[in-house]
There are 4 protein chains.
Amino acid sequence: MTDRPELRAKSTRPDPSGYYDFKQQLTIDNLFGRYNINEDSFIYKFSSPLDRISYQADSVKRLDQFMKTIDKHSKIIQAATKVFAKKGFFNARISDIAKEAKVADGTIYLYFNNKFDILISVFEEEIGALVDQVSKLLAEEKDPRKMLAIYATSHLSMMKKNKNLAEVIQIELRQSTKLIKEYRNNKFSEYIDIISTIIKLGQEQGIYRADIKPGIAKRAFFGALDEISRVWTLSLKNNYTVEETISQVLDIFLAGMLIPEQKSLNLLENPGLLRQSGKI
Amino acid sequence: MTDRPELRAKSTRPDPSGYYDFKQQLTIDNLFGRYNINEDSFIYKFSSPLDRISYQADSVKRLDQFMKTIDKHSKIIQAATKVFAKKGFFNARISDIAKEAKVADGTIYLYFNNKFDILISVFEEEIGALVDQVSKLLAEEKDPRKMLAIYATSHLSMMKKNKNLAEVIQIELRQSTKLIKEYRNNKFSEYIDIISTIIKLGQEQGIYRADIKPGIAKRAFFGALDEISRVWTLSLKNNYTVEETISQVLDIFLAGMLIPEQKSLNLLENPGLLRQSGKI
Amino acid sequence: MTDRPELRAKSTRPDPSGYYDFKQQLTIDNLFGRYNINEDSFIYKFSSPLDRISYQADSVKRLDQFMKTIDKHSKIIQAATKVFAKKGFFNARISDIAKEAKVADGTIYLYFNNKFDILISVFEEEIGALVDQVSKLLAEEKDPRKMLAIYATSHLSMMKKNKNLAEVIQIELRQSTKLIKEYRNNKFSEYIDIISTIIKLGQEQGIYRADIKPGIAKRAFFGALDEISRVWTLSLKNNYTVEETISQVLDIFLAGMLIPEQKSLNLLENPGLLRQSGKI
Amino acid sequence: MTDRPELRAKSTRPDPSGYYDFKQQLTIDNLFGRYNINEDSFIYKFSSPLDRISYQADSVKRLDQFMKTIDKHSKIIQAATKVFAKKGFFNARISDIAKEAKVADGTIYLYFNNKFDILISVFEEEIGALVDQVSKLLAEEKDPRKMLAIYATSHLSMMKKNKNLAEVIQIELRQSTKLIKEYRNNKFSEYIDIISTIIKLGQEQGIYRADIKPGIAKRAFFGALDEISRVWTLSLKNNYTVEETISQVLDIFLAGMLIPEQKSLNLLENPGLLRQSGKI
DNA sequence: GATGAATGAGACTTCATTCAT
DNA sequence: CATGAATGAAGTCTCATTCAT
């Protein structure tokens, strides 16, 4: 049996990527009684495919194995995303995920420590993909106003396109952050911090108002987008088109954050912007 | 023997208060398999203390019993709010709630149909209280700008003060609306619609921009407040004060929605406003 | 609180009527775990209305009370018969019986020790009524052939008329005799023994074959009647009329048990016999 | 993953073996509230070991698994028969059955849908075995008089030998037919219909009286046998031997149903007949 | 005597996890 | 590595019985 990642009591801080540092006061034991997590404080290492394979795939056989491992890990993540979205974490059954991924129940435990571990992994990977995507789009843009537009458009069109992901973020973000609470270096923080980075950039360029606190504004902006997509996951008939909605939200936030003289960017007169960034 | 409330298959629409009208496509059965909700469409009547007692408390004995029933129902709701907040719906045990409410496990089932029913009731009652509170505060105010300020302040101070409630809303709003999806006549819609009502009022008075769509803006505004309070329930050290945070969010939204010449209301120069509505 | 009848450990044999003598080997404890009957052997005294009231109702008030007690006891028995028939003993709820009898749940425990006690009482009273009825009918008849006809007709018409009773006997006879097993002096034995008494009488008169063993024949005869009525309680469309069925069964048994030369009694040519005893 | 059997709403009639067709008016919901059988009419498919395994055991491994599945299914059936006999269906605990079968509680649910499903399966399998056995014995016999003797002897000796089976039939036949009422194509009907088939055969041969209605006579005959065996399951000391009892019952029924001149078959003078068929 | 709200023991069932093959 | 049958702990809910009023 390979060295499966495991729960460990507080140890020296390992390589930050892929680790959560649970705080002592989080009473995780109350929340996850059945997972027998009794330590007051511990480091949780979630599963990544790299944990299971040597980095140097120096022989064909090893490379082959590496690909297979990546593949199966990924297949399970995909399946879990789908199942969690459909049923929610607590109503999802390991066997549902196994069936969806077309593997045996037991196989899942070769790649993940437990059900909760799958959730964390799904989360990190999916949000990671969001980060990558929006980062790439933003790399080609310099105008902080357009950057905010790109962020909003990218987020909402992704949520619109990938309902499973949207639901997982909607529900599990709350469930899991309740469990995980303040964990550092995670992908989700990274994703939200893109907003504050854009705002800071705009402030430096004298475009966004200096009295706006990026740390608060990022929450307001993400919250607005999130609530919009929450309603999308629920309702079936929309009273508004996606473009209309994005435009309204952006309009409010830009009008709210721009220095008055900078408001010349009329988004509605620039529908190309939406189309451009929406092409994801 | 009083009539205990129960799940009923599709019936004629009863008095709206206390009833949800579940939509056909909601796939509740997938999510709550164990609750055996198999009807495509049905009316769910959640438990209220009045269900257990004759309305005409015409004798001292009856009045006495009436008070006791109200009292125990309320005690269980309180306990459930606390337990759900601490553990989340799925990790909460009926026995936890019973212990917290200092009643026997079985007693809970005299007042509620099942665990899910408790959740719905907690939700409706708590949100109902929010609606009542903010409605009362708003009744004394005419200025749509100040009204928005009152709403935000009222919401966030309540969330700050009552962490249990905040967590229940955070987590269970997602869980339960996922279950119930878009249900009509519920308190939560009522609560959010207060925002759009304020915006419409402001638009009529020529204060808010006419091109703002209240149906979208209400989501953005509530989402922003909600994400703020989400972070509060999680983080332990706050980088910003409550007043500062409220002020920032309001500032962005007012600047974003007001017609330029109306922006004379400087909220930061009117700290009294915050204090006034925050006194809850 | 009045002297409610209670379970007692083996004591001196009381007045036989109304007492079951449980045998040691009956493992009642296994069957009635929840009734906490742990004694290997005990005397069970079931509830009768006389247990609750002084025999000498010498004052008007006492007589009044006596009547009320009889009345409520009887009302509960009636209700229980109905509910047991409809749902079976184990699926019947005390609250069902209480509702049917229009008394409070707790009231039942003023008249009966426990749920099982109600079953026994129902049984004894209903079978007792059968015994009384058939005894009265038989008292007027001397011909052992006709007596058997009267018994069969009386039994089957009663079962046909009172479906509740039929079901209780069908199902609970098995459940309860399983519990009670071989108890002495009970009404049911009395009822079946009427058959063997008739047969013996016929043998003495040289009408029934002497080689028939009444102890076996009574079982065969009762079993035949019982299976017939079992099917009646189940099936909805009958292929045969009641009279036809009775006639067939009687015909087989009389032909089977009579001494050849005695078979002149043609029951089908004497339909009056059936009508006469059927008038119950 | 194999398909586990499940409750299904009204569907097209499948292969009759192993299916009950529940009638609309059977009020199963009243009796089995907890099994949530709310459909007015449905097909119940009970569990058989074949449901869990591919029919083509084409590899050694599969054959192995097939045998194990058969084995465990059978072990649970055996255990359930024993426990139901000892305690009755309602007093039997799943954990009792599991302990008796030496499996974990949960394992039972890999083979059966629920407790009721176990009962049905026990029933069908045990009665099925009776049918097979008596059919085999009857295949070698042509004389309808002897055939009836074989049936009676086979039944009663089986009941005598296998007390568990006898009790399960005694009690559960009533409980379950009350639940299922008149269901078609079930093994029990098949078993009883053997009697009417024999009678019809005898009538065709001019041995049994033509005026006997096989549909009624089969009930009377089975009822007689059943009541005999009921007493056997209860009483501890027998006043009569098995052979004597069988002989008496057969004597009455043959005398009752045979055309007078055919009564030459003296069963008592042919004790070999009993011994022969009793060799089961 | 009558009531019915409260109790709490205990059953059925589910499902994450393990481990022999 | 993969499988999936087996495990057994634990939760929701029921309901007979009690007891304060």
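Chain A is the first sequence line, chain B the second, and so forth, proteins listed ahead of strands; every chain is numbered from 1.
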### Summary
Of A92(B) and A92(C), the one whose nearest nucleotide on DNA chain F sits closer to the 5' end is A92(B)
### Query
How close or far is atom C1' of dT13(E) from atom CZ of F116(D), stated in whole angstroms?
17 Å
### Distance, nearest 0.5 Å, that separates CG of N114(C) from CD1 of I120(C)
9.5 Å
### Query
Which class fits the ring pair Y111(A) and H73(A): parallel under 30°, tilted 30 to 60°, perpendicular over 60°?
perpendicular
### Query
Using 30° and 60° as the class limits, which term best fits the ring planes of F89(C) and F116(C): parallel, tilted or perpendicular?
perpendicular
### Message
Please tell me if K72(C) has a side-chain N or O lying less than 4.0 Å from either OP1 or OP2 of dG1(E).
### Response
no
### Message
Quick check on dA6(E): is either OP1 or OP2 less than 4.0 Å from any side-chain nitrogen or oxygen of Y111(B)?
### Response
yes
### Message
Does anything in residues 97-106 of chain D come within less than 4.0 Å of DNA chain F? Heavy atoms only, and list the residues if so.
### Response
V103(D), A104(D), G106(D)
### Query
Closest to the Y109(C) side chain: dA16(F), dT14(E), dA5(F)?
dA16(F)
### Query
For the pair made of NZ in K87(A) and P in dA16(E), what is the distance, rounded to whole Å?
11 Å
### Query
Among the nucleotides dT17(F), dC1(F), dT3(E), which one has an atom lying closest to any side-chain atom of N114(C)?
dT17(F)
#### Entry: Length of the line joining N91(B):CG and dA16(E):P, which is rounded to integer Å
13 Å
### Task
Return the value, rounded to whole Å, for the distance between atom CG of D96(B) and atom C1' of dA10(F).
12 Å
#### Entry: Euclidean distance, I76(B) CD1 relative to T81(B) OG1, rounded to 0.5 Å
11.5 Å
### Nearest-Å distance for atom pair CZ/C1', residues F112(B) and dA6(E)
15 Å
### Query
At what distance, to the nearest 0.5 angstrom, does CZ of F112(A) lie from CD1 of I94(A)?
9.5 Å
### Message
Let's test your reading of the pairing rules: Watson-Crick or G-U wobble, both distances under 3.5 Å, then write DNA chain F as a dot-bracket string with ( ), [ ], | and dots.
### Response
.||||||||||||||||||||
### Message
Side chain of R93(D), heavy atoms from C-beta onward: which of dT7(F), dT3(F), dA11(E) has the nearest atom to it?
### Response
dA11(E)
### Query
Which is true for I94(B) with a 4.0 Å heavy-atom rule: it touches a base, it touches only sugar-phosphate, or it touches nothing?
sugar-phosphate
### Partner set under salt bridge (Lys or Arg N to Asp or Glu O under 4.0 Å) for K72(B), not counting sequence neighbours
none
## Note on the structure
Considering only heavy side-chain atoms of K115(D), the closest of dA2(E), dT3(F), dT13(E) is dT13(E)
### Query
Roughly how far, to the nearest 0.5 Å, is the NZ atom of K99(C) from the CG atom of D105(C)?
9.0 Å
